[in-house]
Amino acid sequence: MNKITIIGSGSVGATVAYTLTVSGIASEIVMIDINDRKALGEALDIKQGTPFCGPCSIYAGTYADAVNSDIVIITSGMARKPGQSRLDLAQVNVDITKAIIPQITKYAPDATYLIVSNPVDVLTYTFAKCSDIPQERIIGSGTILDTARLRSRIAEYYQINQQNVHAYVLGEHGDSSFVPWSLANISNVPVEDYGRMVQKADPLVPAFDRVQVEEYMRKSGGRIIERKGATFYAVSASVCHVCKCLLSGVDTTLTVSTMMNGEYGLSDVALSVLTIVGNKGAHNKVLLPLNDEELAKLHKSAESLKDVISSITI
């Protein structure tokens with residue numbers, strides 16, 4: 001029996017609830033929203049499809065219904081508008097998160113909290129500072145989606161299975177994120193060498209372009225928002241993957257956002273590094289062998305987030 005509570009039933013919250021139901025990850029899902037009619041409608045719509053899925057009880061409720069939740073997913077907040085940066089959202093969504101914290105932690109003190117709302121790193125930091133929940137049970141979705149976008153573009157470029165691609169996006173889920181290219185590989189072959197290492201490579205395939213790949217990864221969210229108004233399918237799939245890892249007995253490494261406590265010389269900030277996630281939460285970090293340039297980029301990303309944190313009221 002896995003119980004998951006979702007706070008916020010907008011596009012992301014509702015799609016997360018639907019994906020959790022269809023995938024069979026949760027046996028009980030509670031949807032909470034300040035607009036209770038919206039939560040009721042979304043829950044009923046999903047519930048009526050459960051005869052074709054695994055058994056799952058899904059319903060709209062209040063904070064009190066979150067009792068005994070294994071995971072609480074926070075998607076509430078103002079959505080990013082076309083042309084708006086994630087960090088422009090900071091103060092208003094910090095205030096919303098601060099209002100939610102005492103209400104939900106009262107009823108679900110033992111849950112693992114998964115923060116999805118943006119700016120996710122700032123809100124993860126806010127949750128850690130404004131609640132008594134242990135840090136290993138406060139996780140931001142961080143750069144898991146950025147990492148997925150990066151891997152999918154590399155896989156598409158070389159026409160190779162995405163599962164053979166090992167590459168990460170670290171730092172802020174936003175403009176200061178970066179790719180540690182020194183570690184990026186396809187089946188242990190450095191990404192940029194892969195093309196010439198293939199025995200019968202297509203001679204017409206152009207040279208691998210880091211800049212183009214990073215641009216694709218960095219601008220994908222904005223392009224989707226410009227075209228359809230919001231992003232929710234891919235982020236929901238990534239959030240459900242984190243939930244599956246949290247409920248598993250086997251640890252998984254993910255680029256999620258957590259509090260830094262001296263790792264890489266960074267403290268008092270939340271951002272994404274390679275983290276071990278399992279049924280004990282985000283309970284450990286993998287200290288990647290970053291080169292000097294990459295370490296400088298990680299510090300720059302941390303400073304960017306600290307500048308935002310210092311400019312708002314938490």
Are any non-hydrogen side-chain atoms of [X] and [Y] less than 4.5 angstrom apart?
| X | Y | result |
| --- | --- | --- |
| Ile139 | Thr275 | no |
| Thr147 | Leu150 | no |
| His283 | Asp251 | yes |
| Val308 | Pro119 | no |
| Tyr113 | Ile104 | yes |
| Pro289 | Leu183 | yes |
| Asn291 | Glu294 | yes |
| His241 | Ile144 | no |

Quick check against the 3.5 Å criterion: does [X] have a side-chain atom that pairs as donor or acceptor with the backbone of [Y]?
| X | Y | result |
| --- | --- | --- |
| Asn93 | Asn118 | yes |
| Ser27 | Asn2 | yes |
| Tyr18 | Asp45 | no |
| Arg151 | His166 | no |
| Glu172 | Ser304 | no |
| Arg137 | Ala111 | yes |
| Ser220 | Tyr216 | yes |

hydrophobic_cluster_shared for [Y] and [X], side chain cutoff 4.5 Å:
| X | Y | value |
| --- | --- | --- |
| Val250 | Val242 | no |
| Val116 | Ile34 | no |
| Leu20 | Leu246 | yes |
| Ile160 | Ile154 | yes |
| Ile309 | Ile96 | yes |

No-hydrogen, no-angle side-chain donor-acceptor test under 3.5 Å, Lys244 and Ser23 = no
query = Between the side chains of Trp181 and Glu214, does any donor sit under 3.5 Å from an acceptor?
reply = yes
Measure across [X] and [Y] and return the closest heavy-atom pair with its distance rounded to 0.1 Å.
| X | Y | result |
| --- | --- | --- |
| Ile4 | Ala26 | CD1-CB, 3.8 Å |
| Ser236 | Thr19 | CB-OG1, 4.1 Å |
| Ser9 | Asp33 | N-OD2, 2.7 Å |
| Ile25 | Cys243 | CG2-CB, 4.4 Å |
| Tyr107 | Gln103 | CD1-O, 3.3 Å |
| Ser272 | Gly142 | OG-CA, 3.2 Å |

Hey, could you give me the [atom1]/[atom2] distance between [X] and [Y], rounded to the nearest 0.5 Å?
| X | Y | atom1 | atom2 | answer |
| --- | --- | --- | --- | --- |
| Ile46 | Thr50 | CD1 | OG1 | 10.0 Å |
| Leu170 | Ser257 | CG | OG | 11.5 Å |
| Ile115 | Leu123 | CD1 | CG | 7.5 Å |
| Asn188 | Met197 | CG | CE | 11.0 Å |
| Leu274 | Tyr168 | CG | OH | 5.0 Å |
| Phe127 | Ser117 | CZ | OG | 11.0 Å |

With a cut-off of 6.0 Å (strictly less than), are more than 12 heavy atoms of other residues, nucleotides or ligands near [atom1] of [X]?
| X | atom1 | answer |
| --- | --- | --- |
| Leu44 | CG | yes |
| Glu226 | CD | no |
| Asn161 | CG | yes |
| Lys228 | NZ | yes |
| Lys285 | NZ | yes |

Of Thr124, Thr143, Asp146, the residue whose pairing with His173 passes side chain to side chain donor-acceptor pair (under 3.5 Å) = Asp146
task = Could you go through the side-chain contact (heavy atoms from CB on, under 4.5 Å) check for Val273 and Leu271 one step at a time?
result = CA-CA 7 Å; Val273 295; Leu271 47 67; 3.9 Å; yes
request  = Kindly write out the residues that satisfy side chain to side chain contact (heavy atoms under 4.5 Å, CB included) with Gln135, not counting sequence neighbours, or none if the list is empty.
outcome  = Met259, Asn261
query = Could Glu136 and Lys280 be called an ion pair, given the rule that one side-chain N must be under 4.0 Å from one carboxylate O?
reply = no
task = Using the six-membered ring wherever Trp is involved, compare the ring planes of Tyr158 and Phe208 and label them parallel, tilted or perpendicular (cut-offs 30° and 60°).
result = parallel
Non-neighbouring partners of Arg153 that pass salt bridge (Lys or Arg N to Asp or Glu O under 4.0 Å), sequence neighbours left out = Glu156
Step-by-step side-chain contact (heavy atoms from CB on, under 4.5 Å) determination, Val30 to Tyr59 = CA-CA 5 Å; Val30 185; Tyr59 55 93; 3.4 Å; yes
remark   = Checking Asp95, Val94, Ile101 against Thr97 for side chain to side chain contact (heavy atoms under 4.5 Å, CB included), the one that qualifies is Ile101
Worked check of side-chain contact (heavy atoms from CB on, under 4.5 Å) between Cys130 and Ile314 = CA-CA 8 Å; Cys130 298; Ile314 293 180; 3.8 Å; yes
Could you pull out every donor-acceptor pair under 3.5 Å between side chains of residues 66-75 and any protein atom, sequence neighbours left out?
residue	atom	partner	partner atom	Å
Ser69	OG	Thr5	OG1	2.7
Ser69	OG	Ala66	O	2.6
Asp70	OD2	Lys3	N	2.8
Thr75	OG1	Ile7	O	3.1
Thr75	OG1	Gly8	O	3.1

request  = Please lay out, stage by stage, how Thr258 and Ile138 fare under the test side-chain contact (heavy atoms from CB on, under 4.5 Å).
outcome  = CA-CA 7 Å; Thr258 57; Ile138 301 171; over 6 Å; no
